[in-house]
There are 2 protein chains.
Amino acid sequence: MTEHPNLMRQAITASDRVLFEIQRAIVEGSIPAGSKISEPEFARRFNVSRAPLREALARLERCHLIERTPNAGVRVVTLTPEGLISLYQIREELEGLACRLAATQMPQAEIAELAALLDQHLSTQRVREGESYYQEAGDLDFHYRVILGSKNPYLINMLCDELYYLVRMYRVQMGMNGPRVSRAFDEHKAILNAIANRDGELADLLMRRHISASRHNIEQQLQAERT
Amino acid sequence: MTEHPNLMRQAITASDRVLFEIQRAIVEGSIPAGSKISEPEFARRFNVSRAPLREALARLERCHLIERTPNAGVRVVTLTPEGLISLYQIREELEGLACRLAATQMPQAEIAELAALLDQHLSTQRVREGESYYQEAGDLDFHYRVILGSKNPYLINMLCDELYYLVRMYRVQMGMNGPRVSRAFDEHKAILNAIANRDGELADLLMRRHISASRHNIEQQLQAERT
DNA sequence: ATCTTCAAATCTGTCGACACCTGTCGATCC
DNA sequence: GGATCGACAGGTGTCGACAGATTTGAAGAT
C-alpha cells in the first residue's frame with residue numbers, strides 16, 4: 001500500500017531493486033513492449049535468483065506493465081489506442097474524485113507546498129522550453145501530490161502504485177510533445193486554485209477536462225504517427 | 001487481468017487453490033481480521049510449500065485483504081469505518097463509469113442475460129426472504145455483470161479482482177440486513193432499464209445513488225453496533 | 001517493580017534443484 | 001505435399017534449506 005515512487009523509493013530488498021530496474025526499463029522502452037520475459041534469463045541479468053525476480057514480476061503485473069499466462073510465461077504489455085482510452089477513462093474519474101477529496105482533505109501547509117512546486121515548475125519550464133522534463137516528471141508529480149492529498153488510501157494505491165507507471169509508459173513511448181506544456185501548467189494552476197478555495201466540485205471538473213485534453217493530445221499524436 | 005471469480009474460478013495451480021481458500025476464509029472471517037499470518041504455519045496448514053503460499057499472499061495483497069510490512073510479516077486487514085467510506089467513494093465513481101460504458105458497450109444479448117439474472121434473483125428473493133443469499137451473491141453478481149459489460153479491462157480488473165473481495169468482506173463481517181433487499185432489487189432493475197435504453201448518464205446516476213444508499217445502510221448498521 | 005539488555009526462537013527473504021508443462025522441430029504416415 | 005505424432009529443449013511451478021532480520025522472553029540492573 002505504501003510505495004510512493006519518485007519520493008521515497010529506496011530498495012530495501014533485492015526484489016525491490018529488481019522491480020525498480022525492470023519497471024524503469026519497461027517504461028522507457030529498453031525492454032520492448034510486447035517482448036517476452038524469460039525468468040532464468042532475467043534472473044541472471046540482474047544477479048538474483050528466480051524467487052525475488054518472480055516477486056518483482058508479480059508486482060509488475062499489479063502495475064499492468066506485464067501479463068502472465070499460467071504455465072506459459074510473461075510478456076511486456078503492448079500499447080494500443082484502446083488501452084490508452086480505457087486507461088484515461090479511469091484516470092478522469094479517479095483523479096476527479098481525488099481533486100474533490102483533496103479540496104476538503106489537504107491541510108493548508110500541503111497546499112502551500114503544492115503551490116511552491118508549481119512555481120518551481122514554472123521556472124524550470126521557462127528555462128528548458130520544449131524539453132520533455134515537464135511532461136515526464138513535473139506534470140505527473142503535480143497529479144501525484146493531488147492524489148496524495150485526497151487521503152484515500154485505496155485511491156492513492158490505485159493511481160500512484162498501479163496506474164502511474166503505465167501512464168508514464170504511454171507518455172514516454174508515444175513520444176512527448178511541445179505546445180501543450182504551457183497550457184497544462186495553466187490548468188494545473190487553476191486546479192490548485194480551486195483546491196485552495198476548497199471548491200471540490202470545480203477542482204473535479206477542471207481535472208477531468210485537464211485529463212481529457214491530455215488524452216486528446218496523445219490520441220492526435222498517435223494518429224499523426226499512423227500516417 | 002482475467003480471474004473473474006464466481007464464474008470461472010477453477011484453480012489451475014497450487015497457489016490458485018491456496019489463494020481461493022485463504023481468500024474465502026478471510027472474507028468469511030474464519031481467519032480473523034487483524035490477525036497475523038505466519039508463512040510456515042499456513043504452508044503446513046494448506047499442504048504446500050512456502051513458494052506458492054507467498055504467491056497467494058502477493059495476490060491477496062492486491063485484493064487489499066492483507067498488508068505486508070517488509071521483513072516483518074503479513075497481517076489480515078482490519079475493517080474500519082474510514083476504510084469503508086474510502087472504499088465506497090471509489091466504488092461510486094468506478095461503478096458509475098462502468099454503467100455509463102455498459103450502456104454503450106453491452107450487446108443486446110448480454111443485456112438480455114442480465115435481465116434474466118434479475119428475474120432469477122426476484123424468485124430466489126421471494127422464496128428465501130430474509131436470508132442473506134441475495135445480498136451476498138446476487139447483489140454483487142449484478143454489479144459484477146455490469147462491470148464486465150463496460151468492456152474496460154482496467155476497470156474490470158480493479159473492481160472485480162482488486163476491490164470485489166474487500167467489499168464482500170465488509171458486507172459479510174458487518175452482518176447483512178433485511179429491509180434493503182427489495183429496494184436494492186428495484187434499484188438494480190432501474191439501472192438495467194437505463195442501460196437497456198442506452199441511457200448512460202441515467203445509469204451512472206442511478207448506480208451512484210444505489211451505492212451511496214448501500215454505504216449509508218452499512219454505516220447505520222455499524223453505528224448501531226457501536227451502541 | 002520497572003526498565004534495560006541480551007540471547008533464543010521464529011520468521012522473512014533468498015537460493016539452488018527438481019517435476020511437470022508448453023511449444024518446437026523433425027520424422028513418419030496418409 | 002500436407003498433416004499427425006513423438007521426442008527434445010526450454011520454461012514455469014514447486015520444493016526444501018540457509019542467512020539475515022525481527023520479535024519474544026528471560027535475566028540482570030536500577
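Letters A, B, ... mirror the listed sequences (proteins, then strands); counts begin at 1.
Nucleotide dG13(D) holds its P atom 21 Å from the CZ atom of Phe46(B), rounded to whole Å. Arg68(A) places its CZ atom 18 Å from the P atom of dC21(C), with the value rounded to the nearest Å. Rounding to whole angstrom units, CZ of residue Arg59(A) and P of dG13(C) are separated by 9 Å. The CG-C1' distance, from Leu19(A) to dG13(C), rounds to 15 Å in whole Å. The distance from atom CZ of Arg54(B) to atom C1' of dG13(D) is 15 Å, rounded to the nearest whole Å. Here the C1' atom of nucleotide dC21(C) and the CG atom of Asn71(A) are 5 Å apart, to the nearest Å. What separates CD of Glu41(A) from C1' of dT12(D) is a distance of 15 Å, to the nearest Å. Rounded to whole angstrom, the span from the CZ atom of Arg75(A) across to the P atom of dG23(C) amounts to 11 Å.
Between dT14(C) and Thr13(A), a contact under 4.0 Å exists linking OP1 or OP2 to a side-chain N or O. For Ser49(B), no side-chain nitrogen or oxygen approaches OP1 or OP2 of dG16(D) to under 4.0 Å.
Residue Ile12(B) is classed as having no contact, given no heavy-atom separation below 4.0 Å to the nucleic acid. Using a 4.0 Å heavy-atom criterion, one finds that Leu53(A) contacts no nucleic acid atom at all.
For Val48(B), the listed nucleotide lying nearest its side chain is dC15(D); candidates were dT14(C), dC15(D), dA17(C). Checked against dT14(C), dC15(C), dT14(D), the side chain of Ala14(B) finds its nearest nucleotide in dT14(D). Considering only side-chain atoms of Pro52(A), the nucleotide from dC15(C), dG13(C), dG13(D) that sits closest is dC15(C). Residue Arg50(B) has its side chain nearest to dT14(C) when only dG16(D), dT14(C), dC21(C) are considered.
A perpendicular orientation is assigned to the rings of His188(B) and His143(B), their planes being inclined by more than 60° (bins at 30° and 60°).
When side chains are defined from C-beta on, Glu92(B) does not count as touching Met207(B), because their heavy atoms never get closer than 4.5 Å.
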| query | Which is it for Arg68(A) and Glu39(A) under the salt bridge (charged side-chain N to carboxylate O under 4.0 Å, His left out) test, yes or no, and what are the steps along the way? | reply | CA-CA 12 Å; Arg68(A) 307 183 80 164; Glu39(A) 291 185 5; 3.6 Å; yes
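Pairing each heavy atom of Gln89(A) with each of Leu97(B), the nearest pair is O-CD2, 3.8 Å.
With the nearest nucleotide of DNA chain C identified for both Pro40(B) and Ala51(A), Pro40(B) has the one nearer the 5' end.
With a 6.0 Å cutoff to the six-membered ring centre and a 45° limit on the axis angle, Arg145(B) does not count as a cation-pi contact of Phe142(B).
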